[in-house]
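Note that ligands are numbered from 1 as they come in the structure, with each ligand's atoms numbered from 1 the same way. Hydrogens, waters and symmetry mates play no part in the numbers below; they use all other heavy atoms, side chains included.
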Amino acid sequence: MADKDEKKKDRNRSVDPAVLEVLAKTEGSGLESAYDRYLKMQPQCNFGETGVCCHVCIQGPCRITKKADKGICGATAYTIVARNLVRHALGGCAAHSDHGLHASLLAREVSEGHAPDYEIKDTKKLYAVAERLGVSTEGKDDKAILKELVAIALEDFNRLDGKDSRWLSQVIIPERVERLKECNILPSSIHRTIAEAMAQTHMGMDADPVNLVFKALEVALADYIGEHIATSLSDILFGTPKPVVSEANMGVLDPDYVNIAVHGHNPILSEMIVQAARDMKGEAEAVGAKGIKCMGICCTGNEILMRQGVPILTNFASQELAIMTGAVDAMVVDIQCIMPGIQAVAECFHTRIVTTMPSAKIPGSYYVDFDDSRAMEKAREVIEIAIGAFKERNKEISIPQVKNKVVAGFSLEALLDIFAAVNPEKPIKVLTDAIESGELRGVCLLAGCNNLKRIHDQNHSVIAQELAKNNVFLVATGCAAQTYAKFGMLNSDAVDKYAGDGLKAFLNRLNEANKGKLTEKLPLVFHMGSCVDNSRAYDLMTCMAEELQMDTPKIPYAASAPEAMSEKAIAIGCWAVSLGMPVHVGVVPPVPGSPLVDGIALQIAQDVYGGYFIWETDPLESAKKILAALDERTWKLKVHKMAKEQYETEALSKTW
Ligand code: NFS
Ligand code: SF4
């Protein structure tokens, strides 16, 4: 019901003041964005929305109705819903893995002395990853070590011998590896899993919903491998993030500068653009600009915020609105989450859309064929296009004067470094002790997209505020983290405003211990990076499980995708469940059309994996359910600890 009411609402579907300002200014102007198209799209098809529409073969589309309880081939609702779920997860897995593969291929070039514009920036991370993967470093130079890591990564993409993924088996705890093996969902290799799952979901193949859901989880785990490889290799090549100060929201646009919005996901491109922009200040001054400003949208924005302190312009839902300010000279895009709609808006302004990847072209855009071996030359080409556009500005510029201070850059390494100021021996114990003492109620990862089905940024902000008030330690990634950046929730003022007493005390203790070491006080929400960096957030859970010597389903750590949208979010949600997390999703995915599959997601998954889904669209209710999930685990953790101490049993701690 709440959902239906929501659909009637007008186009001002955001709680971001900058977005509301642009929407108000453009009302009736003929400029169209996702906010308008969402309204035109109503009502959306209920069959599709609940997952019971099948077009796997062209006898379809078949949809399950009261009159027709099976597709033409006889597929029932549970087969159709489960099959669609596998295919959604597949899209996400392919996207993340493609990103991870690009990072691997670049790393191989670097290790062989090619790709002259890139280098190994973080040797410490190189050694840490080598150690985790069991690669000896003795007597080897950095490039040789990198080469070995890349070989392991590439084998995890291509292996055909059926052996277990080496990367995954090494980076999660052994108890989880065992569980995944018992359920036969530990992937062998990414590409093989993708191919098998496509075959398994072909017309007339698997009709068993449980078998299909398990395949979706295997696909999702392949996604996790791709993400973990992408994050690890990006850190080695571009540096592991450290705390950094910046700002966010449309107020970061400056009419006196050449403004370049970098949008998409791939740091291989954006790192070069940022560097080229710094080098080409002179060229910009020559056309009357004060210089060049880069700013990010979506996850590539997170990548360059985390490593370079580049400001955030906006997040997914409002990407077109940034152009409507008239102040964006070029929007450089690479892969994923790029709305084709940006081109039509750009054509009403002087803004150039520059596509750069063969797999993501937009008709009418400028195309610069980005090439890793000539990266800097290509990046300069992009900047020249932006400078050319600056000269052709022809419309009034109207920038919402909204921006907030951001403290970001919290890789797991950075977090542990901060904890180490309190406990140098066992940094993670600072966090687990605070949970065991009741000061904190647990950890929540706030992840994922925007979705026009919800009020833009409302679920993100309300849920985080509620959890903070209730003393949950918050980490964030993706477009969720960008909401917090835009809303001033990634700085210490937000701690005073929103944190409960326990969380305040915890953060103050860390601030005190890190005096002199950190230039900024700690924020309310800890920005861990892009969506592939959800692997960092899961590494944090692994680290807690190792410290507590318990399997992950007993760790008070939940995830939430308050405004999930993409197939990548579905893949992430599925691996998080199979790796032991309660996962809240604030937009109901197309699953309830089969009560059986819905039941597996919401309940049975817990019995098998310890993780499970929670669908809840209302933000306050969502926060309550996340808190309940955390409380259940904190309580169990205490019982298990007590039992372990009193009866010296190990068995209790191994299962959940
Ligand atoms: Ni994740 Fe990041 Fe944003 Fe969603 Fe898209 S940018 S990869 S998919 S919309 S969070
Ligand atoms: Fe219809 Fe079956 Fe074809 Fe799906 S696979 S479209 S249910 S006939």
Side-chain angles (χ1 to χ4, degrees), residues 34 47 51-65 68-84 87-88 91-93 95-100 201-207 223 226-227 230-231 262-267 270 296-303 305-306 312-319 333-339 360 445-452 454 456-457 460 476-485 527-535 537 560-573 585-587 593:
F47 300 104
V52 290
C53 174
C54 181
H55 48 91
V56 156
C57 87
I58 55 177
Q59 287 183 100
C62 296
R63 23 182 234 186
I64 302 301
T65 61
D69 64 350
K70 292 189 184 91
I72 293 168
C73 68
T76 57
Y78 59 57
T79 300
I80 292 173
V81 169
R83 197 158 53 189
N84 287 341
R87 291 220 161 175
H88 265 147
C93 172
H96 278 148
S97 304
D98 192 44
H99 176 170
T201 51
H202 187 273
M203 188 270 158
M205 286 288 285
D206 200 3
D223 171 281
E227 286 187 46
T231 299
V262 191
H263 176 16
H265 285 77
N266 199 340
S270 55
I297 303 180
C298 287
C299 280
T300 212
N302 286 325
E303 299 273 0
L305 164 69
M306 297 283 284
I312 294 294
L313 175 55
T314 196
N315 55 357
F316 171 76
S318 39
Q319 52 186 279
V333 304
D334 49 58
I335 46 166
Q336 301 166 21
C337 302
I338 300 145
M339 290 191 195
L445 160 64
L446 296 152
C449 328
N450 297 133
N451 186 324
L452 269 294
R454 312 248 46 93
H456 173 210
D457 289 340
H460 284 316
T477 54
C479 287
Q482 296 185 328
T483 304
Y484 308 129
H527 191 338
M528 292 196 90
S530 63
C531 283
V532 293
D533 295 336
N534 283 311
S535 60
S560 170
E563 302 175 22
M565 170 278 300
S566 83
E567 292 175 309
K568 292 176 287 173
I570 292 180
I572 292 167
V585 187
V587 182

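- With contacts defined as side-chain heavy-atom distances shorter than 4.5 Å, the pair Val333/Ile297 does not qualify.
- Proximity to Gly448 (heavy-atom distance under 4.0 Å) selects the following atoms of ligand 1: 10 (S).
- Atoms NE2 and CD1, on His55 and Ile80 in that order, are 10.5 Å from each other to the nearest 0.5 Å.
- Residues Asn315 and Thr483 have side chains in contact (heavy-atom distance under 4.5 Å, counting atoms from C-beta outward).
- Each of the atoms 9 (S) of ligand 1 lies under 4.0 Å from some heavy atom of Phe316.
- Residue side and main chain included, Cys73 places an N/O/S atom under 2.8 Å of atom 2 (Fe) of ligand 2.
- By the 4.5 Å heavy-atom criterion applied to side chains, His265 and Ser530 are not counted as neighbours.
- Only the side chain of Met565 comes within 4.0 Å of ligand 1, judged by heavy-atom distances.
- Nearest protein heavy-atom neighbour of atom 5 (Fe) of ligand 1: Cys337 SG, 2.2 Å.
- Residue contacts with ligand 2 do not include Lys70, since none of its heavy atoms lies under 4.0 Å from the ligand.
- Of the candidates Ser530, Cys479, Ala481, it is Cys479 that places a heavy atom closest to atom 10 (S) of ligand 1.
- Shortest contact from atom 4 (Fe) of ligand 2 to any protein heavy atom: Cys54 SG, 2.3 Å.
- Applying the 4.0 Å criterion to heavy atoms of Gly60 picks out, from ligand 2, the atoms 6 (S).
- Residues His96 and Ile572 are in side-chain contact: their nearest non-hydrogen atoms beyond the backbone lie under 4.5 Å apart.
- Between His527 and Leu305, the closest side-chain pair of non-hydrogen atoms falls below 4.5 Å.
- Side-chain contact, Asp533 with Thr477: no donor N or O sits under 3.5 Å from an acceptor N or O.
- Here the shortest heavy-atom distance to atom 7 (S) of ligand 1, taken over Gln319, His96, His265, belongs to His265.
- Near Cys449, meaning under 4.0 Å from any of its heavy atoms, are these atoms of ligand 1: 4 (Fe), 8 (S), 9 (S), 10 (S).
- When the shell of 6.0 Å around OH of Tyr78 is examined, it contains 12 or fewer heavy atoms from other residues, nucleotides or ligands.
- Of all protein heavy atoms, the one closest to atom 3 (Fe) of ligand 2 is Cys57 SG, 2.4 Å.
- By the 4.5 Å heavy-atom criterion applied to side chains, Gln482 and Asn302 are counted as neighbours.
- Of the possible donor and acceptor atoms, none in the side chain of His263 sits under 3.5 Å from a partner among the backbone N and O of Gly301.
- Using a 4.0 Å cut-off to heavy atoms of Cys531, the atoms of ligand 1 that qualify are 1 (Ni), 2 (Fe), 7 (S), 10 (S).
- If you look at Arg83 next to ligand 2, the close heavy atoms, those under 4.0 Å, all belong to the side chain.
- The shortest contact between atom 1 (Fe) of ligand 2 and any protein heavy atom is with Cys62 SG, 2.3 Å.
- Near Ser566, meaning under 4.0 Å from one of its heavy atoms, ligand 1 places the atoms 8 (S).
- Residues Gln336 and Ser566 form no side-chain contact, since every pair of their non-hydrogen atoms from C-beta on lies 4.5 Å or further apart.
- Residues Pro267 and His99 form a side-chain contact, since some pair of their non-hydrogen atoms from C-beta on lies under 4.5 Å apart.
- Atoms of ligand 2 found under 4.0 Å from any heavy atom of Met203 (numbered from 1 in listed order, with element): 5 (S).
- Residue Gly71 has at least one heavy-atom neighbour below 4.0 Å for each of these atoms of ligand 2: 7 (S).
- In summary, the atoms of ligand 1 found under 4.0 Å from a heavy atom of Cys299, numbered by their order in the structure, are 2 (Fe), 6 (S), 7 (S).
- Listed by number with element, the atoms of ligand 1 under 4.0 angstrom from any heavy atom of Cys298 are 6 (S).
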